[in-house]
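A short worksheet on the structure shown next.
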Amino acid sequence: MDKRGMLIGLPLFAGFPAAERELLEDVFVVVRKRRGTVFMKQGERAQSARAGIFLVLDGEVTVSRVPVGGGSAVEHALGRGELFGVVALVTDHPRSATCTAATDVTVAYIDRPACQYMHSRHTRLAARFEHMLARQLVKDLRLLTETLVGAFAHSDPGSLSGAVRAT
Amino acid sequence: MVKTEEYALVQGLVGTALDRADVEYLAERVERVEGGPGQTLVRRGDHGDALYLVVSGELAVHVDVDGERHDLATIGPGSWVGELHFIDPGPATASVTSASDFVALRMASGELPRLIEDNPHAASSLLRVLIREVAQRLVSAGSDADEQRNPSDDPHTDAARGWWDGMFGRLFGAGGA
């Protein structure tokens with residue numbers, strides 16, 4: 001599959017009208033990176049212009065997070081169609097995890113200026129894209145809420161270990 | 001004709017993030033609702049029917065486990081209710097019941113796809129506000145969860161309760177928009 005097909009064929013964009021899917025090429029940059037490439041480091045503050053969202057198109061990215069309270073790193077893998085970098089883009093908080101290419105990977109990238117461009121030139125696409133981002137964040141917040149509420153109601157704070165999934 | 005009261009409320013609560021045209025458009029699509037104590041706006045496990053932005057009053061966020069009610073947080077003016085379902089339809093993670101007289105702005109939960117089609121600029125502006133809200137809660141409650149890793153800390157002791165109160169306040173957006 002070519003780079004263009006990898007991007008616009010993602011299930012994440014399946015609900016987008018075909019004409020809008022075509023515009024995604026206008027705002028995303030698709031790049032290949034070698035295994036071991038570090039996309040972002042936990043604790044770094046993304047410079048606002050460089051902050052951006054990554055979408056895995058092919059390969060695997062490891063998300064590694066050392067809990068704030070200490071302890072060993074918690075890892076999970078991201079594959080095709082999964083996002084990272086969203087929270088730092090919208091909150092200006094320091095990166096919550098380190099993201100490293102676990103294999104050679106192809107990723108699509110959109111930075112803050114490109115988001116602004118999409119908002120001003122392709123506003124409906126921007127709204128649809130933001131709705132998709134919001135849904136991803138809601139899924140993570142629901143998961144975190146269920147874990148926290150469960151730990152509280154069942155007096156089991158130990159179950160919080162590893163509960164936080166960086167986005 | 002702009003709905004003057006709703007316009008002023010939207011402007012006052014989230015207006016700094018929206019331009020005038022967006023505020024006018026959204027003001028046309030919300031209704032002002034009010035009620036007394038004991039009214040449940042969202043029930044844990046149910047699919048909510050609306051997004052609410054609290055204008056005044058206090059509401060309790062709570063869950064019922066094994067027949068016992070656990071109050072998790074108190075939210076007030078500027079807080080959202082039903083925002084997760086508005087963005088991504090699914091069962092509510094907690095119940096929200098008014099603890100006093102309250103006023104809120106209400107928008108039907110099926111409005112978002114229509115907003116995106118009819119006025120993508122206003123939809124995008126509203127989504128940006130909600131995305132920041134959800135991301136902020138994810139980060140702050142997530143950081144709290146990272147710190148609370150000692151299994152011997154029973155959350156229902158007085159010593160531990162302050163931490164849980166603070167964390168749930170941040171998790172459910174008690175600070176307001």
Side-chain angles (χ1 to χ4, degrees), chain A residues 15 17 65-71 74 86-94 96 115 118-120 122-167, chain B residues 44 63-66 68 70 72 83-94 112-113 115-117 119-128 130-157 160 163-164 167-168 171-172:
Chain A
R65 174 186 173 86
V66 178
V68 177
V74 179
V86 180
V87 169
L89 180 78
V90 299
T91 64
D92 280 331
H93 270 267
S96 56
C115 286
M118 178 164 60
H119 186 68
S120 59
H122 307 303
T123 311
R124 188 165 285 112
L125 172 65
R128 242 185 271 285
F129 179 67
E130 284 156 357
H131 188 198
M132 186 269 287
L133 290 183
R135 293 176 84 134
Q136 298 296 315
L137 291 171
V138 163
K139 284 181 175 43
D140 287 343
L141 187 60
R142 280 200 173 112
L143 202 60
L144 179 64
T145 303
E146 287 300 340
T147 305
L148 291 169
V149 168
F152 176 78
H154 298 109
S155 302
D156 182 21
S159 65
L160 299 185
S161 178
V164 182
R165 184 183 161 97
T167 304
Chain B
R44 177 172 157 85
V63 293
D64 296 313
V65 177
D66 302 330
E68 186 183 355
H70 298 272
L72 306 176
E83 70 285 10
L84 304 192
H85 179 76
F86 183 77
I87 294 167
D88 184 37
T93 53
L112 185 53
L115 270 184
I116 291 172
E117 297 303 329
N119 188 334
H121 192 276
S124 174
S125 299
L126 178 60
L127 277 164
R128 286 173 173 214
L130 292 172
I131 284 172
R132 250 194 311 277
E133 167 79 11
V134 172
Q136 188 64 47
R137 285 159 52 181
L138 200 52
V139 168
S140 52
S143 295
D144 288 345
D146 265 354
E147 293 166 1
Q148 180 70 17
R149 290 156 56 83
N150 185 348
S152 66
D153 288 347
D154 183 339
H156 303 290
T157 61
W163 179 88
W164 287 89
M167 184 277 296
F168 280 131
L171 181 67
F172 293 108

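Every chain is numbered from 1, with letters handed out A, B, ... down the list of sequences.
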Rounded distance (nearest 0.5 Å) linking atom [atom1] of [X] with atom [atom2] of [Y]:
| X | Y | atom1 | atom2 | value |
| --- | --- | --- | --- | --- |
| B/Asn119 | A/Thr123 | CG | OG1 | 9.5 Å |
| A/Lys139 | B/Asp88 | NZ | CG | 3.5 Å |
| B/Glu133 | A/Thr91 | CD | OG1 | 12.5 Å |

**Item:** Interchain contact, B/Pro91 with chain A, by part (heavy-atom threshold 4.5 Å)
**Value:** backbone
Sort out for me which of [options] touches chain A most, counting heavy-atom pairs under 4.5 Å.
| options | result |
| --- | --- |
| B/Glu83, B/Glu68, B/Gln136 | B/Gln136 |
| B/Val65, B/Leu115, B/Ile87 | B/Ile87 |
| B/Leu126, B/Leu112, B/Leu130 | B/Leu112 |

Nearest atoms (heavy-atom pairs only) where [X] meets [Y]:
| X | Y | value |
| --- | --- | --- |
| B/Leu138 | A/Val87 | CD2-CG2, 4.4 Å |
| A/Val149 | B/Phe172 | CG2-CZ, 4.4 Å |
| A/Ala127 | B/Leu127 | O-CD1, 3.4 Å |
| A/Arg142 | B/Pro89 | NH2-C, 4.1 Å |

**Request:** Run the numbers on B/Ile131 and A/Leu133 for side-chain contact (heavy atoms from CB on, under 4.5 Å), then give the verdict.
**Result:** CA-CA 8 Å; B/Ile131 284 172; A/Leu133 290 183; 4.3 Å; yes
**Request:** Please determine, among A/Glu146, A/Arg135, A/Arg128, the option with the most heavy-atom pairs under 4.5 Å with chain B.
**Result:** A/Arg135
**Prompt:** What class does the angle between the rings of A/His119 and B/His121 fall in, given that below 30° is parallel, 30 to 60° is tilted and above 60° is perpendicular?
**Reply:** tilted
**Request:** Measure the acute angle between the ring planes of A/Phe152 and B/Phe168, then classify it against the limits of 30° and 60° as parallel, tilted or perpendicular.
**Result:**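 Rings of A/Phe152 and B/Phe168: perpendicular, over 60°.
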**Asked** Which is it for B/Leu171 and A/Leu141 under the side-chain contact (heavy atoms from CB on, under 4.5 Å) test, yes or no, and what are the steps along the way?
**Response** CA-CA 9 Å; B/Leu171 181 67; A/Leu141 187 60; 3.8 Å; yes
**Request:** Please flag which part of A/His131 lies under 4.5 Å from any non-hydrogen atom of chain B: side chain, backbone, both or neither.
**Result:**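 For A/His131, the contact with chain B is made by backbone and side chain together.
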